[in-house]
Amino acid sequence: MSSLPLPPSVLRPSWIEVDLDAIEHNVAQIRARLDGVRLLVVVKADAYGLGAVQVSRVLEKCGVDCLGVVCLDEALQLRNAGIRLPILNMGAILPQHADRVVKQHLEQVVSDIETAQAISAAALKHNAPASVHLKIDTGMSRYGMPWQEVGERFGPLFQLPHLRWIGAMSHFANSDGLDKSFPLLQLSRFLQARQHLTEKGIQLPIWHICNSGGTCDLPQAHLDMVRVGLMVYGYYPDPEVQKPFDLHPALSLKSVMVAVRELQRGDSVGYGRRYMAKTRERIAVLPIGYADGFDRKLRNVGQVLLHGCLVPIIGGLCMDACFIRIEDVPEARCGDTATLIGRQGDLEISPHDIAAQIGSVSYEVMARLGKRLPRVYLHHGTVCETVNQLCP
Ligand SMILES: Cc1ncc(COP(=O)(O)O)c(C=O)c1O
């Protein structure tokens, strides 16, 4: 794909390519194993950096059941772009914003009486019942009604008028590790909360707890719906999970070599002079840096792909540039494209590889990819859209 002719709106010689075919393929792979279970795709954080609007348009065509976001702004961005799919806001709202939930036909998680009352009042005002999911804390200690208290505390929320309680959710703390004892404990707590409600004659139709890790490894936890993010974008949450799907990576990060230098022994490279040439060697500059989410910790440990070979990132990363050593790729010339995330020939650099080098997780590597990088969307192998957020 390095030979892809760049559309004129991509002014910057560093950009992201998003393979929408891969997203369609991954959704089909996941759906095929769900056996009637609903699929919510998590598109928070701009669809993990890939572009929430463009990704959601494709997901709408793939027929996923629901989209997941974590704040009202993310939901409204999708509604403003014409997305009609059900959208679940999995994050908290302030009571004064309950109107937005109702007016934009959003689904909202709720775990406290104040929020429930505010949404109920907004629903009455607009004469439109609001769809809500009970959020239950089974072990994240983050959001949600504690699972042991659901039986006694949910009653007053359930009595409020104009609320359609369509589901209940919880979230796994470590579903992607080898040891499944804690996720299984969380699942049993979640099911106990369901049992407590059933005993009180309360039935909530859609129970959901699985993220990517749970969807891979814990089919017994799929329940009525799974919420998948990372796997839809083509990556497993951890090398340790089972790999039941044939996932296609949707993300590539590319940058053009804009300068080449011949160093002499003892020449230093970049801020802080953190790399010294030990001999005569060739280096190149890629115009991408930590302001684009390309982490400074990649200095002297990261690699990029060039002419199908792995070459090292050397010296300190700048805000807008980084250096690679191209001594071992004699054919490399100014104007060649390096792949920082993605595939060249048989080799691939994944967000997980970068995460391992900087002590992070692939989620962070993807979500930090900056707004300054143009996004180029590919569908059926050709460019179907570009997004330049700095000069749209
Ligand atoms: C509440 C919730 N559900 C589901 C997901 C999806 O997780 P994953 O990307 O591992 O599938 C997330 C992401 O962090 C989340 O916050």
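Along the sequence shown, residues are numbered consecutively beginning with 1. Atoms within a ligand are numbered from 1 in the order they appear, just like the ligands themselves. All of these numbers come straight from a predicted model, not from anything done at the bench.
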### Task
Run the ring-centre check on Phe190 versus Trp207 and record whether the distance is less than 6.0 Å.
yes
### Query
So which pairs with a foot in residues 61-90 pass side chain to side chain donor-acceptor pair (under 3.5 Å), sequence neighbours left out?
Asn89-Gln108
Pairs under 3.5 angstrom, nitrogen or oxygen on both sides, ligand 1 versus protein: list them out, please.
{"from": "ligand 1", "atom 1": "3 (N)", "to": "Arg227", "atom 2": "NE", "distance (Å)": "2.9"}
{"from": "ligand 1", "atom 1": "3 (N)", "to": "Arg227", "atom 2": "NH2", "distance (Å)": "3.3"}
{"from": "ligand 1", "atom 1": "9 (O)", "to": "Tyr48", "atom 2": "OH", "distance (Å)": "2.6"}
{"from": "ligand 1", "atom 1": "9 (O)", "to": "Leu230", "atom 2": "N", "distance (Å)": "2.8"}
{"from": "ligand 1", "atom 1": "10 (O)", "to": "Tyr363", "atom 2": "OH", "distance (Å)": "2.5"}
{"from": "ligand 1", "atom 1": "11 (O)", "to": "Ser212", "atom 2": "N", "distance (Å)": "2.8"}
{"from": "ligand 1", "atom 1": "11 (O)", "to": "Ser212", "atom 2": "OG", "distance (Å)": "2.6"}
{"from": "ligand 1", "atom 1": "11 (O)", "to": "Gly229", "atom 2": "N", "distance (Å)": "2.8"}
{"from": "ligand 1", "atom 1": "14 (O)", "to": "Lys44", "atom 2": "NZ", "distance (Å)": "2.9"}
{"from": "ligand 1", "atom 1": "16 (O)", "to": "Lys44", "atom 2": "NZ", "distance (Å)": "3.0"}

### Task
Provide the full list of side chain to side chain donor-acceptor pair (under 3.5 Å) pairs with a residue in residues 29-48, sequence neighbours left out, each pair given once.
none
### Ring centres under 6.0 angstrom apart (His222, His208)
no
### Task
Taking ring-ring contact (aromatic ring centres under 6.0 Å, His included) as the test, write out the residues that go with Phe294, two or more places apart.
none
### Message
Is the positively charged end of Lys135 above the ring of Tyr143, judged by distance under 6.0 angstrom from the centroid and angle within 45° of the axis?
### Response
no
